Amino acid sequence: MRKFGEIEGISRGQIFANRAELAKVGIHPPTQAGISGSSKEGADSIVLSGGYEDDRDYGDRILYTGAGGRDENTGRQIADQQLTRTNLALAKSKLDQLPVRVTRSHKHKSEFSPKEGYCYAGLYMVEDYWREKGISGHYIWHYSLVSCERLESKEQTGIRDNSPDYKETERKAVVVNRIIRDSTKAKRVKEWHRYQCQVCGLALETSAGLYAEAAHIQPLGMPHNGPDDESNILCLCPNHHILFDNGGFTINEDLSLNGIDGDLVTTKKHKINLNFVAYHQAHNQKID
DNA sequence: GGGCCCGCAGGG
DNA sequence: CCCTGCGGGCCC
């Protein structure tokens with residue numbers, strides 16, 4: 001099973017002698033490839049090693065180049081890159097909003113690189129990706145990655161981001177790990193339904209694969225405190241997710257829909273707890 | 001520092 | 001199974 005998010009016992013700024021050491025602790029399993037990931041699961045980690053001329057490093061924001069299209073010996077771009085394999089994995093990470101571990105090599109020329117070895121730089125999100133003509137004139141895939149630290153400090157409007165103390169870093173790691181843990185349950189429900197909406201059957205096709213959303217029946221937060229469990233999660237398209245969360249329709253005991261024609265689509269594996277359905281209905285009564 | 005080539009581990 | 005890949009060591 002691919003490990004997303006922070007690796008226990010490894011902190012930001014930690015130096016590793018070589019790629020074998022990085023692989024051993026689980027930060028970046030491949031010993032040579034720059035992107036760790038698969039097209040189905042997404043990418044969990046990247047390494048900036050200085051091999052790609054189109055890379056740009058601004059510290060908390062990184063422009064990373066996809067893999068492929070290079071001459072084995074010279075490293076020059078001699079062909080177009082494709083949105084397949086590990087390049088597709090990074091696209092999937094954007095679609096599913098999965099955090100990517102970033103490590104810089106001493107060979108990567110930037111003020112954020114270590115003098116020697118490999119420096120773990122923490123978690124980043126893939127904000128965007130696109131195809132463009134690189135310096136060589138061949139097409140490359142470019143990924144814009146933003147540090148999770150920066151994303152979180154942006155949310156705290158008006159508060160200056162103080163020098164990161166250990167406790168704060170730990171707290172953030174716990175939060176990110178919870179999001180990942182949640183997303184594995186959400187992913188399981190989506191896969192049971194093959195990403196098809198349980199209301200309308202639609203599965204959105206993107207260049208990075210199918211897209212669906214996980215909707216909690218009894219909401220997670222205060223004051224509802226619904227559980228994060230498969231029996232409390234629905235696989236919905238974005239439109240029906242919004243409608244469900246905002247009283248556009250409810251689900252009856254027999255799984256027929258109230259407010260929309262039809263029935264909720266179910267599968268054998270996915271057991272929905274009717275208590276949560278009743279809770280949702282009680283809190284979303286339509287006034288006719 | 002650059003070229004060369006032998007590797008392994010992961011992914012399809 | 002085959003193929004690929006942001007190593008790494010050694011040579012010059």
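First the proteins, then the strands, lettered A, B, ... as listed; each starts at 1. Just so it is clear, the structure is predicted and the values come from calculations on it, not from any experiment.
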Let me know, please, whether Thr74(A) or Ser36(A) comes out on the 5' side of the other along DNA chain B by nearest nucleotide. Thr74(A)

Determine the interplanar angle of the Tyr279(A) and His224(A) rings, folded into 0 to 90°, and report it as parallel if under 30°, tilted if 30 to 60°, perpendicular if over 60°. perpendicular

In terms of the angle between their ring planes, are His280(A) and Phe244(A) parallel, tilted or perpendicular, with boundaries placed at 30° and 60°?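 His280(A) vs Phe244(A) ring planes: parallel.
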
Leu22(A) CG - dC8(B) C1' separation (whole Å): 16 Å

Rounded distance (Å) that lies between atom P of dC6(C) and atom OH of Tyr143(A): 12 Å

Looking at every strand, decide which applies to [X] at a 4.0 Å heavy-atom threshold: base, sugar-phosphate, or nothing.
X	value
Ser38(A)	sugar-phosphate
Thr86(A)	nothing
Gly68(A)	sugar-phosphate
Asp55(A)	base

Contact between Leu255(A) and Thr266(A) at the side-chain level, heavy atoms closer than 4.5 Å - yes or no? yes

Flag yes if more than 12 heavy atoms outside Glu191(A) fall under 6.0 Å of its CD atom; otherwise flag no. yes

Where the side chain of Thr31(A) is defined as all heavy atoms beyond and including C-beta, which of dG8(C), dG5(C), dG11(B) is the nearest nucleotide?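 Of dG8(C), dG5(C), dG11(B), dG5(C) is nearest to the side chain of Thr31(A).
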
